[in-house]
Structure formats: structure tokens, C-alpha cells
Number of protein chains: 2
Amino acid sequence: MSAKPIKLTTDRKSVLDILKSSDSPKGAYDILDELKKVKSNAVPMTVYRALDYLTEHGLVHKVENLNAYILCNHPEHHHICQIIICEACNKATESCDKELASLVQKKAEDAGFKISKAILEITATCEECLANDKGNAAL
Amino acid sequence: MSAKPIKLTTDRKSVLDILKSSDSPKGAYDILDELKKVKSNAVPMTVYRALDYLTEHGLVHKVENLNAYILCNHPEHHHICQIIICEACNKATESCDKELASLVQKKAEDAGFKISKAILEITATCEECLANDKGNAAL
DNA sequence: TATAAAATTGTTATAACATCACGTTTTTGG
DNA sequence: CCAAAAACGTGATGTTATAACAATTTTATA
Ligand SMILES: [Zn+2]
Ligand SMILES: [Zn+2]
Ligand SMILES: [Zn+2]
Ligand SMILES: [Zn+2]
């Protein structure tokens with residue numbers, strides 16, 4: 001009864017696994033380099049086709065800021081996606097704060113818009129990297 | 001006493017004027033085509049250098065979603081930028097809702113992040129285009 | 001004003017990201 | 001089994017952005 005039966009072919013599974021193995025966004029050509037290890041005849045189209053399918057089905061997000069891709073951490077209930085990337089360690093964290101999503105939705109509606117897609121991308125420094133910075137500064 | 005004395009050279013002024021002339025985001029190479037009308041020896045670097053300067057100084061925003069650039073409509077007080085683009089007419093509207101910006105800031109802080117930049121990009125249909133659609137559907 | 005440092009521009013090449021087009025193979029449903 | 005749809009192979013091409021280094025212009029100040 002699921003609205004979207006997801007068919008993971010070998011290529012799609014490989015690309016998904018590559019993204020699963022990292023918490024930093026990966027570019028399509030980085031993914032390609034890794035994919036070649038298990039599929040020597042892979043070319044850009046191979047990766048882009050898999051990424052298209054995976055993003056359309058909500059398993060992967062594109063980080064527009066970086067032209068890079070990350071695994072979605074909650075592929076079930078999808079509203080408005082929020083991604084925060086640490087510019088020091090490159091780790092990406094996805095959240096799906098309902099309050100924030102609702103407010104975005106409300107503001108857009110109030111302005112007369114019908115949303116089809118929304119992204120919030122935050123570039124920041126994470127707690128750990130902030131601590132490291134302070135440690136280094138104190139030397 | 002201004003913190004950022006903005007120096008608009010001829011190239012920067014030209015690019016700014018090109019962006020001023022439209023309420024739709026323009027790609028760098030579209031800008032280049034227009035720039036060539038007033039500076040025949042312009043090349044991609046010419047445009048990208050101007051865009052870099054203008055974005056760094058808050059006069060222009062990049063719409064990451066589209067790899068395109070728009071004029072900032074409030075270059076003075078800059079917090080978190082919110083852009084909504086109509087996918088029917090391509091018009092981009094920038095808002096700077098304080099409530100939304102504060103909430104984003106708060107959520108990031110609560111999660112231990114120090115924000116350096118944030119973008120909210122909404123793809124939607126504007127009021128006018130929604131009305132047109134309904135009109136056409138009724139035919 | 002002389003002049004050295006800093007900022008900007010000129011110019012060529014190339015890197016990085018993404019899609020088109022078309023033919024073949026595989027999967028799927030009847 | 002067969003036809004239609006989906007996925008994949010393959011090569012070329014399109015689009016966006018930066019690297020690298022030389023030349024020129026601007027700026028500050030000695
Ligand atoms: Zn997600
Ligand atoms: Zn970090
Ligand atoms: Zn702005
Ligand atoms: Zn519209």
C-alpha cells in the first residue's frame with residue numbers, strides 16, 4: 001500500500017551505500033570515483049541517474065550550496081528539509097524541525113505562495129570544532 | 001564610519017545594473033552576454049569577479065538552487081536571507097522575516113552551532129500565477 | 001611628487017558539475 | 001511468449017566556475 005515502492009537496483013544500492021559511508025556531503029564525481037571500485041565501467045551518467053532516482057524518492061538530498069549529496073536521515077515523513085554543515089569538519093546534520101517547517105509554510109502561504117519545495121541550508125561551525133578552535137587559540 | 005566602504009568599479013556597476021534590470025535570477029553567463037554589450041572584451045572571470053565582490057558585500061545574492069544571481073533588496077541590515085522563486089514566472093522575491101530568522105538562529109544555537117551563513121530558498125507558485133492557472137483550468 | 005604596496009583587470013587555460021541523444025538490455029505485466 | 005516500460009551503455013556536449021600569472025590602475029605615505 002506504500003505510495004512509493006522503491007526499487008533499488010545494483011547501481012542505486014551502490015551509490016546509496018557510498019553515501020551511507022560518510023556524514024559529509026559527497027560530490028557526484030567523488031561518488032563516481034568510489035563507484036568505479038565496484039563497477040569499473042561507471043561513468044557520470046551512471047551516478048547522476050542513481051542520484052536522480054534517489055533524490056526523487058527522498059532517500060538522498062542535494063546540498064545546493066556545495067553541489068553535493070547526502071543521505072536523508074528520515075526518508076519517511078518529508079516536509080521541509082533543513083541541513084546544517086560545519087565548515088570546519090564538513091559534517092552535515094539534517095534536522096526536520098516541525099516548528100521551523102510550519103513557520104516557513106505559514107510565511108509563504110501568507111504571502112500568497114504555494115510551496116512546492118523548500119530548502120534551508122546553514123553553514124556554521126559545530127560545537128566540537130568551536131571547542132577545538134578555542135583550545136588552539138589558547139595555546 | 002561605515003564598516004564596509006563599497007567601491008563600485010565600472011565592471012561591478014555594470015553587473016549590478018544588469019541585475020537591477022530584472023526581478024528574475026540571472027545566470028553568470030547570461031550576465032556575461034549582457035555585459036558584452038557594453039564591454040566587448042568581457043570574459044567569464046570578469047563577471048565572476050564582479051559577482052564575488054557584490055555578494056561578499058551583500059549587494060547581490062546567489063540563488064544556489066538555480067546557480068543564478070539576484071539583487072539584494074535590503075543591503076543594509078543583513079541577517080538570514082529568504083528567497084522565494086515562482087517556478088511559473090521565475091520571479092524571485094526576497095524577504096527578511098525577523099521571526100523566521102530568529103527561529104533559525106535559535107535552533108542552530110540550541111544545537112551548538114555558530115552560524116556563519118544561512119539561506120532559505122523556496123520554490124513555489126506565486127499568487128498571480130496560481131490565479132492564471134485556475135483561469136486556464138476553467139476553460 | 002616619487003614610489004612601493006595593494007587592488008583590480010587582462011588573458012588563457014582548465015576544472016568541476018551536469019545533461020543530451022540514441023541504441024541496447026532488462027524487467028514487468030498481461 | 002510478447003509488447004511496453006524501465007533501466008543501462010556509451011560518447012559527445014553543455015553549463016558553471018576557478019586557476020594561474022602577467023599587466024595595469026589605485027592608494028597610501030614617505
Ligand atoms: Zn531528509
Ligand atoms: Zn565541525
Ligand atoms: Zn538580501
Ligand atoms: Zn509567478
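Hydrogens, waters and symmetry mates are skipped; everything else that's a heavy atom, side chains included, is used. First the proteins, then the strands, lettered A, B, ... as listed; each starts at 1.
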Any idea which of [options] is nearest the [X] side chain?
X       : options               : result
B:Thr9  : C:dT8, D:dA17, C:dA18 : C:dT8
A:Ala28 : D:dA7, D:dT16, C:dA18 : C:dA18
B:Arg12 : C:dT9, D:dG9, C:dA18  : C:dT9

With sequence neighbours left out, write down each residue that passes side chain to side chain contact (heavy atoms under 4.5 Å, CB included) with B:Cys89, or none if nothing qualifies.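 Side chain to side chain contact (heavy atoms under 4.5 Å, CB included) list for B:Cys89, sorted by chain: B:Cys86, B:Lys91, B:Cys126, B:Cys129.
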
Contacting residues from residues 32-54 of chain B, given that a heavy atom lies under 4.0 angstrom of DNA chain D: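 Under 4.0 Å from DNA chain D: B:Met45, B:Tyr48, B:Arg49.
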
Presence of donor-acceptor pair under 3.5 Å, side chain of A:Tyr29 and base of C:dA15: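 Result: no qualifying N/O pair found.
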
Is A:Lys62 near enough to C:dA18 that one of its side-chain N or O atoms lies under 4.0 angstrom from OP1 or OP2? yes

For atom CD of B:Glu87, decide whether the heavy atoms of other residues, nucleotides or ligands shown that lie under 6.0 angstrom number more than 12. yes

Euclidean distance, atom [atom1] of residue [X] to atom [atom2] of [N] [Å, nearest integer]:
X       : N      : atom1 : atom2 : result
B:Leu66 : D:dA17 : CG    : C1'   : 16 Å
B:Lys26 : D:dT15 : NZ    : P     : 17 Å
B:Lys13 : C:dT8  : NZ    : C1'   : 18 Å
B:Asn65 : C:dC17 : CG    : C1'   : 15 Å
B:Asp11 : C:dA7  : CG    : P     : 18 Å
A:Asn67 : D:dT16 : CG    : P     : 11 Å
B:Ile6  : D:dT26 : CD1   : C1'   : 18 Å

Hey, is A:Lys39 close enough to A:Asp11 for a salt bridge, meaning N to O under 4.0 Å?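 Yes, A:Lys39 and A:Asp11 are salt-bridged.
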
Hey, which of A:Leu71, A:Ile83, A:Val63, A:Asn67 is the one that makes side chain to side chain contact (heavy atoms under 4.5 Å, CB included) with A:Pro25? A:Val63

Which salt bridge (charged side-chain N to carboxylate O under 4.0 Å, His left out) pairs, counting each pair once, include a residue from residues 113-126 of chain B, with sequence neighbours left out?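 For residues 113-126 of chain B, and leaving out neighbouring residues, the salt bridge (charged side-chain N to carboxylate O under 4.0 Å, His left out) pairs sorted by first residue read B:Glu64-B:Lys117.
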
Going by atom types only, do A:Gln82 and A:Ser95 share a side-chain donor-acceptor pair under 3.5 Å? yes

Look at the aromatic rings of B:His74 and B:His61 and report parallel, tilted or perpendicular, splitting at 30° and 60°. tilted

